[in-house]
Each structure stands twice: as C-alpha cells, then as structure tokens.
Student: 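Before anything else, here's the structure in question.
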There are 2 protein chains.
Amino acid sequence: MANSPGIDQAKEKIILDAAQKRFGHFGLAKTTMTEIAADVGMSKASLYYYYPDKEHLFLAVIEQEMDEFIKALTAMIGEEEPASKKLKQYTSIRHEYFRRLISLAKLGEHTLSAMKASMDVFKQNLEKQEKELIRRIFQEGIKNGEFESFNAKAYADLFVATMQGLRVSVIHKKTLSETKEEDYQLAEQYQKQITAIFLKSISK
Amino acid sequence: MANSPGIDQAKEKIILDAAQKRFGHFGLAKTTMTEIAADVGMSKASLYYYYPDKEHLFLAVIEQEMDEFIKALTAMIGEEEPASKKLKQYTSIRHEYFRRLISLAKLGEHTLSAMKASMDVFKQNLEKQEKELIRRIFQEGIKNGEFESFNAKAYADLFVATMQGLRVSVIHKKTLSETKEEDYQLAEQYQKQITAIFLKSISK
DNA sequence: TTTTGACTTTTAGAACAAAATAGTCAAATC
DNA sequence: GATTTGACTATTTTGTTCTAAAAGTCAAAA
C-alpha cells in the first residue's frame, strides 16, 4: 500500500536488484527489459505491471542508490565527531557514489544527460539535499566553536558546486577515449585538497 | 617568411577576422568556407592557399583569441600589484575568455570536444601555460611575504582545475535547453568566491 | 491480484541516394 | 614567382526507406 495499491514489495525489490546488476554491468542502453525479465524469471509483461516503463525502472534503481547514499551521509553526520572530519568523510562517500552512478549509466553521463526531464528533477533534488546536509555540517561546526562564523548556506552551495565541477570535469575531458582510472583518482585527490582548503579557511 | 614562405600576413589577418566573425556568430558547424570566402571577397580556393583546411582556420582563430588572452594575463602579471589582486584579476579575465570561446564554437563545447586531437593538444597546452602563470603568482606572493609558504605548483594545478570544473559545469548542466545568462553569472560568482577562499587560506 | 502470450508501436541501425560542403589542381592572372 | 580562380573530385551531412529489435499494451488465464 506504500506504492501502488497492494503491489508486492518483495517482488519489486527482486526486480530492482536484477535491474541494478544489469545496468551496473552494461549500462542503460545495452540492457533490455527482456533480459531483466529473464533474470528474474518472469515475462517482460510482468515487469510492466510493476514499473510503467524502462525509464522509471532505471530511475528506481538510481533512487535506491541515492537513498543509500543519503542514508549513509545522514548516519555519518549524526555521529559524535568534529565537523571537519565529517566534511572529509562526505568527500569520500560522495566520490564513491559518483563512481557508482557512472557505472550504472555506463559511458553514461552522456546517457544520463540525454535522459530527459525526470533525470533533471532527480539531480536537482539530490543537489538540494546535499547542500542542506553540508550546510548543517558547517552550521554545527560554527555552533560548537570549531569554525569561525560565516554564511553556512552560501558556503555549502559553493562547496557542493565546486566538488561537482571537479567530478564533471573528469567525464568532460576525455573526448572519445573512455575515462581512465587515473582520471577518477586525480579528481578525488583534487576534491580532498579542496576540502582541506575549505577547512583551513574556516577553522579557528 | 614568418609563416609559410612569403605568405601575405595582412591578407591572412583579413581572412582570420572574417572567419572570427562568422564563427562567433554561427559557430563552427554552421559556417562554411564558401561563406567566409564570400565575406572576404575571394574564391574559396584562395582560402586554401592560406589555410590547409577548415580546422586549421578555426584553430588559427582560437589561437588568436588565446594569444590575446595570454598576452593580457602576462601583462597583468607583470604589473606592480599584490599577488592577491592578480589572482582575482585572473579570475575575471579567464571567465571572459571562456565566454568568448563558447560563442566561437556555439552550442559548441560539444563541437569543441568533438574536434579531434589537435584541439586536445591545444587545450592541454593552454592549461599548462595557465598553471604555470598561476604558479608564478603564488610563488611571487610567497616570496614577497604576502602568502605563507606552500607548494605553489600543487596549488596552481588544483586552482586551475577547480576553476575549470566550475566553468565546465555550466555547459554540462543544461541538457537540451541552451545555457542561460544567469548560469554563466552564477559560475563566475562561484569562481570569485573560490578565489577568495584560496586567498584566505594562504594569506598571512 | 498477478501473470502471460500474442499483439502493436516505437526506436535504432543499415543501406542507399541526393545535396551540400570540404578540399584539389592545372591554368590564368598579377 | 606569388596569388587567384573555375572547374573539378572527395567527403560529409541529410533525408529516405527498410528492417530488426526492443519497448510497450492488453485481453484472457492462473
């Protein structure tokens, strides 16, 4: 009753997991509904009983990832740790999530971008949540005297946008040649350094 | 004798300017050699006397822009000003150059990226020069006691990459809808803020 | 309520032709 | 000799049709 009236939650999860495996392996374009159906051991038509179309199924997979990501973040933030440590942990977790999303769409990002409005809304929503979480970390740091006083909201927006830029650059650079492992690592290194600089500039 | 043996420099400049106007207006893809030739008042074949192909002509236009950009930067850096002020000025000049390049390729960036090796080499070269110039600003600031001591090279690499990321984000975000003026302005604002944070973190 | 086989519709790609544009060159002009 | 060009060829882009594969639907069955 949580979803559509009386839809079997367990069955839905099974489909979701199968889809996740396929998408993670071959990306959105190279995965067919028939394949997913076969994996689950049901007919393609049944998939459409649970999900209106392929896009929604894909979105559901991504949303599941996002939920885990947000959950991990929220839990981490809830702990009794210095705000500075939390910010650093955010950087790691966020980069990891980025890599997972990339492999889902495969070569993706192009595919991701190509996907219409629904994806945009999804992204904006995530960005908003992230900015809010980072703002809280800043706020907390200010309150407990770890940081000096500053505009937490503005800094959070800037911080998230900056990290996003460093990640996007990775994808953007390579023309046809696929992105290399070292590119991801360089991006991660930059993200860590930026985090350190942010911290240095606001720490008491 | 500076270029090919005995090529008319003035004529070349005329072609270059015409090409720049066309490219700036319609972008690379929507500009034909015939049009440029007509603008200049000569036959298309003559264009090929001066430039081996369309790509080289386009590259020459971009290189002219780059030369102006680098020249402006170098002059600015040569002045007797605090390193911090120079870094801020770099941010403005760089963003302006970015916008000019975008309009040259039009909707471009996609077009820019699509253009093969030569463009990649060009970009890498520019990036290298930029990083070197920024490194010098940092170095100078350290030497004259304006900044505390730090690894100028590493910071320059990070700084340039970060600014690049913020610019690239602008292009990347919009799926089909063209990039809006406010997007550019937000990116510029972020770049300025990041510059300020860098300065704050290294200033004595 | 859930599942499915049989169905229709849509999309992606191959193959082809036509048109537009890039690029070449021998001869003419300066 | 340097420069220019008309008339050419080569390549790329665009539009078309065709086809196979995949998406998506639905009435009937379980």
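All chains are named by letter (A, B, ...) in the order of the sequence lines, taking the proteins before the strands, and each is independently numbered beginning at 1. This is a predicted model, so every value here is computed, not measured.
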Student: With salt bridge (Lys or Arg N to Asp or Glu O under 4.0 Å) as the rule and sequence neighbours excluded, what pairs involving residues 155-164 of chain A come up?
Tutor: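 Checked against salt bridge (Lys or Arg N to Asp or Glu O under 4.0 Å) - neighbours excluded - the pairs reaching residues 155-164 of chain A are A/Lys153-A/Asp157.
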
Student: Both A/Met42 and A/Lys30 contact DNA chain C. Taking the nearest nucleotide for each, which residue is further toward the 5' end?
Tutor: A/Met42

Student: Return no unless some side-chain N or O of A/Tyr50 is found under 4.0 Å from OP1 or OP2 of C/dT3.
Tutor: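 Yes, within the criterion.
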
Student: Would you say A/Tyr49 places a side-chain N or O within less than 4.0 Å of OP1 or OP2 belonging to C/dT2?
Tutor: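 So the side chain of A/Tyr49 is within the cut-off, an N or O lying under 4.0 Å from OP1 or OP2 of C/dT2.
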
Student: Do NZ/NE/NH1/NH2 and the carboxylate oxygens of B/Arg136 and B/Glu140 come within less than 4.0 Å?
Tutor: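 No, no charged N to carboxylate O under 4.0 Å.
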
Student: Could you tell me whether the side chain of A/Glu130 reaches within less than 4.5 Å of the side chain of A/Phe69, counting heavy atoms only?
Tutor: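 A side-chain contact under 4.5 Å exists here.
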
Student: Quick check: do A/Ile197 and B/Phe159 have side-chain heavy atoms less than 4.5 Å from each other?
Tutor: no

Student: Counting just side-chain N and O atoms, does A/Ser46 come under 4.0 Å of either OP1 or OP2 of C/dT4?
Tutor: yes

Student: Does some side-chain heavy atom of A/Ile194 sit less than 4.5 Å from a side-chain heavy atom of B/Phe198?
Tutor: yes

Student: Can you tell if the side chain of B/Gln64 reaches within under 4.5 Å of the side chain of B/Lys13, non-hydrogen atoms only?
Tutor: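 They are in contact (side-chain heavy atoms under 4.5 Å apart), so the answer is yes.
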
Student: For A/Tyr51 and D/dA23, give me the distance from atom OH to atom P, rounded to whole Å.
Tutor: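 It is 16 Å, rounded to the nearest whole Å.
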
Student: Expected output is a numbered-order residue list: members of residues 13-21 of chain B with a heavy atom under 4.0 Å from any atom of DNA chain D. What is it?
Tutor: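 Result for residues 13-21 of chain B: none.
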
Student: Do the side chains of A/Lys128 and A/Glu132 get close enough for a salt bridge, i.e. N-O under 4.0 angstrom?
Tutor: no

Student: Is B/Glu127 salt-bridged to B/Lys123, going by a charged N under 4.0 Å from an acidic O?
Tutor: no

Student: Whole angstroms only, please: what is the CD1-C1' distance between A/Ile36 and D/dG24?
Tutor: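 Atom CD1 in A/Ile36 sits about 14 Å away from atom C1' in D/dG24.
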
Student: How would nucleotides 20-30 of chain C be written as a contact map, 5' to 3', with B for base contact, S for sugar-phosphate-only contact and - for no contact, using protein heavy atoms under 4.0 Å?
Tutor: -SBBBB-----

Student: Calculate the interatomic distance between A/Leu47 atom CG and D/dA22 atom P; express it in whole Å.
Tutor: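 That distance rounds to 15 Å.
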
Student: Look at the side-chain N and O atoms of B/Lys11 and state whether any lies under 4.0 Å from the OP1 or OP2 oxygen of D/dT4.
Tutor: yes

Student: I need the CZ-P distance between A/Phe58 and D/dG24, as an integer number of Å.
Tutor: 14 Å

Student: Less than 4.0 angstrom from a charged side-chain N to a carboxylate O is my criterion; do B/Glu188 and B/Arg99 meet it?
Tutor: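 Salt bridge absent between B/Glu188 and B/Arg99.
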
